[in-house]
4 protein chains.
Amino acid sequence: MAPKRVDRAARREEILGAAVRVFARKGFAASRIEDVAAAAGIGKGSVYLYFASREALLTAAFEELASTSADILREARADSRPALDRLAALVHAVLRSMAQRPELSRILLDLWSASRGGEGLPLDMGAVYADYRAAVAELLREAATEGAVRPEVGTRHATVVVAAVEGCLLQWLVDPRLPLIELADPIVSICLDGVRLGATR
Amino acid sequence: MAPKRVDRAARREEILGAAVRVFARKGFAASRIEDVAAAAGIGKGSVYLYFASREALLTAAFEELASTSADILREARADSRPALDRLAALVHAVLRSMAQRPELSRILLDLWSASRGGEGLPLDMGAVYADYRAAVAELLREAATEGAVRPEVGTRHATVVVAAVEGCLLQWLVDPRLPLIELADPIVSICLDGVRLGATR
Amino acid sequence: MAPKRVDRAARREEILGAAVRVFARKGFAASRIEDVAAAAGIGKGSVYLYFASREALLTAAFEELASTSADILREARADSRPALDRLAALVHAVLRSMAQRPELSRILLDLWSASRGGEGLPLDMGAVYADYRAAVAELLREAATEGAVRPEVGTRHATVVVAAVEGCLLQWLVDPRLPLIELADPIVSICLDGVRLGATR
Amino acid sequence: MAPKRVDRAARREEILGAAVRVFARKGFAASRIEDVAAAAGIGKGSVYLYFASREALLTAAFEELASTSADILREARADSRPALDRLAALVHAVLRSMAQRPELSRILLDLWSASRGGEGLPLDMGAVYADYRAAVAELLREAATEGAVRPEVGTRHATVVVAAVEGCLLQWLVDPRLPLIELADPIVSICLDGVRLGATR
DNA sequence: AATGAATGAGGCTTCATTCAT
DNA sequence: CATGAATGAAGCCTCATTCAT
C-alpha cells in the first residue's frame with residue numbers, strides 16, 4: 001500500500017533523466033535501451049516497468065521539453081511589463097532554459113527529426129513552435145497597441161523572432177562552442193532595432 | 001571506358017535522388033536500403049555498387065546540400081551590389097533554394113541529428129553554418145565600411161541573421177504549411193530594421 | 001498450525017481454479033503467471049507460495065483431471081450391474097463430468113500437447129488412456145463372460161470405445177457448439193450395436 | 001529472371017518439412033525459429049524469407065494437414081462402391097495417411113491446442129472435423145438409401161464415427177506404441193456392427 | 001554490372017522467477 | 001504470508017551487407 005521505497009514518479013524521472021543523458025550523447029537512433037538502463041543503474045527489463053517502449057522515452061523527453069516551453073510561455077503571459085520588455089525576457093528565458101539543461105536541449109535534434117509529419121511518433125514540435133509564434137505575435141500586437149512597434153508587424157514577424165531564437169539554438173546544438181546565452185542580447189537587439197545604421201531611435 | 005564514367009555518375013545521382021526522396025518521407029532512421037533501391041528501380045545489392053554503405057547515402061545527401069550552400073555563398077561573394085542588398089539576396093537565395101528542393105531540405109532534419117558531436121558520421125552541419133556566419137559577417141563588415149550598418153554589429157549579429165533564416169527553415173520543416181518563401185522579406189526587414197516603431201530612418 | 005493446513009490447501013485450490021479458467025480461455029502457452037494471479041485476486045509472487053512454477057500449475061490441473069478419471073473408473077468398478085450397463089454408465093459419466101467442468105476440460109488441449117513424448121512435463125495423458133482402455137477391456141471381458149458380447153472382442157475394441165468417447169470430446173473442444181452430452185447415447189448405441197441394419201438382435 | 005537455383009516453392013517446402021520435424025519432436029511451444037533453421041540447414045533469417053513468422057509455420061503445417069484431409073475426402077466422394085465400403089475405405093485411408101507421416105501427425109497435438117476458439121491463429125481444426133462429419137453423414141445417408149444401415153442413423157452417428165477415428169489417433173499420439181493401422185479394422189467393425197453378441201447379421 | 005537470396009549480429013521486448021520489504 | 005518491483009535470460013524479428021550467379 002505505502003509506496004515502496006522509491007515512489008513510481010521519482011523512479012520514472014530518474015530513468016528519463018538517464019535516457020536524456022544517453023540520447024544527448026549518442027542520439028536517439030544509436031541509443032539502446034540497455035544503455036539507458038545502465039545509465040540509470042538498473043536492469044534492462046526495469047525500464048519497461050516505467051516506459052512502454054524505447055520510443056516512449058523519446059516522447060517523454062519531448063513532453064518534458066514541451067512542458068518547459070509551456071511554463072516559459074505562461075510566465076511571459078503573466079508578466080505585466082511593457083510588451084517589448086516581455087518579449088526580450090521571453091527570448092532570454094528560452095535561451096537560459098536551454099543552456100541550463102544542455103542535455104535535454106540536445107534531444108531537440110532528435111525531436112525535430114521525429115517531428116517529420118504524419119506517421120511517426122505522437123510528438124509534434126510544430127505545435128510547440130506554433131505556440132511560441134502565437135505568444136510572440138500576441139506580444140507584438142500588444143506592443144503595437146502600446147505604439148512600440150510598427151503597425152504592419154504581424155504573424156510573419158513573429159515567425160522570424162521565433163526563428164532567430166530557435167536558429168541560434170540550432171547553431172549551438174550543432175556546434176556547442178557557440179556562446180548561446182550571449183546571443184540573447186543580439187537577438188533582442190536585432191529583432192527590435194535591426195542592424196541598419198540610424199535604425200535605432 | 002570513358003563513357004562508362006558518365007553513366008556511372010548519372011546512375012549514382014539517380015540513386016542518391018531516390019534516397020533523398022525516401023529519407024525525406026520516412027526519415028533516415030526508418031529508411032531501409034531496400035526502400036531506396038525500390039525507389040530507384042534497381043536491386044538492393046546494386047546500391048552498394050555506388051555507395052559504400054547506408055550511411056554513405058546520407059553523407060552524399062549532406063554533400064549535395066553543403067555544395068548547394070557553397071554555391072549560394074560563392075554567388076553572394078561574386079555579387080557587386082551594396083552589401084546589404086547582397087545580404088538580402090543571400091537570404092532570398094537560401095530560402096528559394098530550399099523551397100525548390102523540399103525533399104532535399106527535409107534531409108536537414110536528419111543531418112542536424114547526425115551532426116551531434118564527434119563520434120558519428122563524417123558530416124558536420126556546424127561547419128556549414130560557420131561558413132554562413134562568416135559570409136554574413138563579411139557582408140556586415142562591408143556594410144559597416146559602406147556606412148550602412150551600425151559599427152558595433154559583429155559576429156554575433158551574423159549568427160542571429162543566419163539563425164533567422166535557419167529558424168524559419170526549421171519551423172517550415174516541422175510544419176510545412178508555413179509559407180517559407182514569404183518569410184524571406186520579413187527576415188530581411190527585421191534583421192535590417194527591427195520591429196521597433198521609428199526604427200527605420 | 002493444523003488449521004493453516006486447511007487454509008493453505010483451500011488457497012491452493014483457489015489458485016488452481018483461477019489457473020484453469022485462464023488456461024481454458026487463452027491456452028497454457030499464452031497464459032502468464034500474472035494472468036493467473038489476477039484471476040485469483042492475489043499478487044504475482046504469491047502464486048509461487050503454492051506452486052513451484054508455471055508448469056506446476058499445468059501439472060496440477062492434469063492431476064485434477066487424472067484424479068477425476070480415476071474416480072469415474074473406480075465407480076465403474078464398484079458398480080454391480082451387468083457389464084454392458086456399466087460400460088454405458090461409464091461413457092455417460094465421462095461425458096457428463098467433462099460437460100460439467102468445461103474449463104477443466106479445455107485444459108485437455110494443452111495436456112495432450114504437453115504429453116508429447118519423453119522430455120516434457122511429468123504429465124502423461126497416455127497413462128490416463130491406458131487406464132481407460134484397461135477398464136473398458138475388463139468390462140468387455142466381463143460382458144463376454146456374461147455372454148453379452150462377441151467373444152473375439154478384445155483390447156483393440158476397448159481402444160475404439162475409448163476413442164469414440166475421447167474423439168467426441170475432442171470435436172467438442174475444437175467446436176463447443178457440439179452437444180457433448182447428447183453424444184453419449186449414440187456412442188453407446190454404436191459401440192454396442194453398430195449402425196448396420198439388422199445388426200441389433 | 002530465371003528462378004535462382006532452388007525455386008521458391010521447393011525451398012519453402014524444405015523449410016516447412018524441417019519445421020514439422022522440429023515441431024513434432026519438441027512441440028510448437030518449445031520450438032525455436034533457430035531450431036527450424038538449423039534443421040533446414042539454413043540461417044535463422046532465411047526462414048523469414050519464406051514465412052512471415054513462427055506462427056506462420058504452424059499455420060502452413062495446418063494447411064498441409066487440412067489439404068491432406070481434403071484429398072482423402074475428395075477420394076471418398078469419387079469412389080463408387082457401396083457407401084459402407086467407402087466408409088470403411090475412408091477410415092483406413094485416414095489412419096494410413098497419418099501413420100505414413102507420423103511427424104506431420106504429431107503436429108495435430110499443437111493444432112488442437114491452437115484451435116482453441118476465437119483469438120488465436122487463423123487455424124480451425126473444428127472446420128476440418130466438420131468436413132469429416134459431413135462426409136461421413138453423407139455416406140451414412142447413402143447407406144440408408146441403400147438399405148444398409150438403420151434409418152435413424154444421422155449426424156450424431158457420423159460424429160461418433162469420426163470420433164472413433166480421431167480418438168484412436170489421439171491415443172496413438174500420446175502413446176505411439178499403439179498400433180494405429182491395426183485399429184482401422186476394429187473401428188470399422190465396431191462402428192458397423194457394434195460389439196454386442198448376435199449384433200452382426 | 002546487376003541481382004536478390006542468404007546470413008547472422010543486434011536490439012527490443014516479454015516474462016518466469018526472485019527477494020526485500 | 002503476501003507482495004510487486006526488479007532482473008536478465010531468451011527469443012522473435014529486422015536489415016545491412018555479402019556474394020554466387
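What you see below is based on every heavy atom in this structure, not just the backbone, and it leaves out hydrogens, waters and symmetry mates. Below, read A as the first sequence line, B as the second, and so on, with proteins coming before strands; counting in each chain starts at 1.
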Please report the distance, rounded to the nearest Å, between [atom1] in [X] and [atom2] in [N].
| X | N | atom1 | atom2 | answer |
| --- | --- | --- | --- | --- |
| B:Tyr48 | E:dA5 | OH | P | 16 Å |
| C:Glu34 | F:dT3 | CD | C1' | 12 Å |
| C:Arg54 | E:dA16 | CZ | P | 5 Å |
| D:Lys26 | F:dG11 | NZ | P | 9 Å |
| D:Ile15 | E:dA5 | CD1 | P | 12 Å |
| A:Arg12 | F:dA6 | CZ | C1' | 18 Å |
| B:Asp35 | F:dC15 | CG | P | 8 Å |
| C:Ile42 | F:dC1 | CD1 | P | 13 Å |

* At their closest point, which heavy atom of C:Ser31 faces which heavy atom of C:Lys26, and how far apart are they? ->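 Smallest heavy-atom distance, with atoms named: OG-CB, 3.9 Å.
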* **Residue pair C:Val20 / C:Ile107: nearest heavy atoms and the distance that separates them** =>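 So the two residues come closest at O-CD1, 3.6 Å.
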If I take atom [atom1] from residue [X] and atom [atom2] from residue [Y], how far apart are they, to the nearest 0.5 angstrom?
| X | Y | atom1 | atom2 | result |
| --- | --- | --- | --- | --- |
| B:Leu111 | B:Thr59 | CG | OG1 | 8.5 Å |
| D:Asp110 | C:Asp110 | CG | CG | 10.0 Å |
| D:Arg32 | D:Arg54 | CZ | CZ | 5.5 Å |
| B:Leu16 | B:Arg21 | CG | CZ | 10.0 Å |

* Answer yes or no: side-chain N or O of A:Lys44 and base N or O of F:dT7 forming a donor-acceptor pair under 3.5 Å. =>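 Side chain to base: no pair present.
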* Asked: Which pairs, with at least one residue in residues 10-58 of chain B and sequence neighbours excluded, count as a ring-ring contact (aromatic ring centres under 6.0 Å, His included)?
  ->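 Pairs touching residues 10-58 of chain B that pass the test: B:Phe23-B:Phe28.
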* **Of B:Gly41 and A:Gly45, the one whose closest DNA chain E nucleotide lies more 5'** =>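 Checking each residue's closest nucleotide, the 5'-ward one belongs to B:Gly41.
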Please determine if a side-chain N or O atom of [X] lies less than 4.0 Å away from the OP1 or OP2 oxygen of [N].
| X | N | answer |
| --- | --- | --- |
| D:Arg32 | F:dC12 | yes |
| A:Ser46 | F:dA5 | no |
| A:Arg8 | F:dG4 | no |

* Asked: With sugar-phosphate meaning primed atoms plus P, OP1 and OP2, does B:Tyr50 contact a base, only sugar-phosphate, or nothing at under 4.0 Å between heavy atoms?
  ->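 Sugar-phosphate, no base atom in range.
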* Asked: Looking across every strand, which nucleic acid part, if any, lies under 4.0 Å from C:Leu49 by heavy atom: base, sugar-phosphate, or nothing?
  ->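 Touches a base.
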Of all the nucleotides listed ([options]), which has the minimum atom distance to the side chain of [X]?
| X | options | value |
| --- | --- | --- |
| D:Ile33 | E:dC12, F:dC12, E:dA2 | F:dC12 |
| D:Ser53 | E:dT14, F:dC13, E:dT3 | F:dC13 |
| B:Arg11 | F:dA2, E:dT17, E:dA2 | E:dA2 |

* What pattern of brackets, bars and dots sums up DNA chain E from 5' to 3', given Watson-Crick or G-U wobble pairs under 3.5 Å, [ ] for crossing pairs and | for another strand? -> .||||||||||||||||||||
* To do: Could you check A:Val47 against C:Gly43 and say which one's nearest nucleotide on DNA chain F is further toward the 5' end?
  =>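 The residue whose closest nucleotide sits nearer the 5' end is C:Gly43.
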* Asked: Is any NZ, NE, NH1 or NH2 atom of the basic residue among D:Arg106 and D:Glu103 found under 4.0 Å from an Asp or Glu carboxylate oxygen of the other?
  ->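 No, D:Arg106 and D:Glu103 are not salt-bridged.
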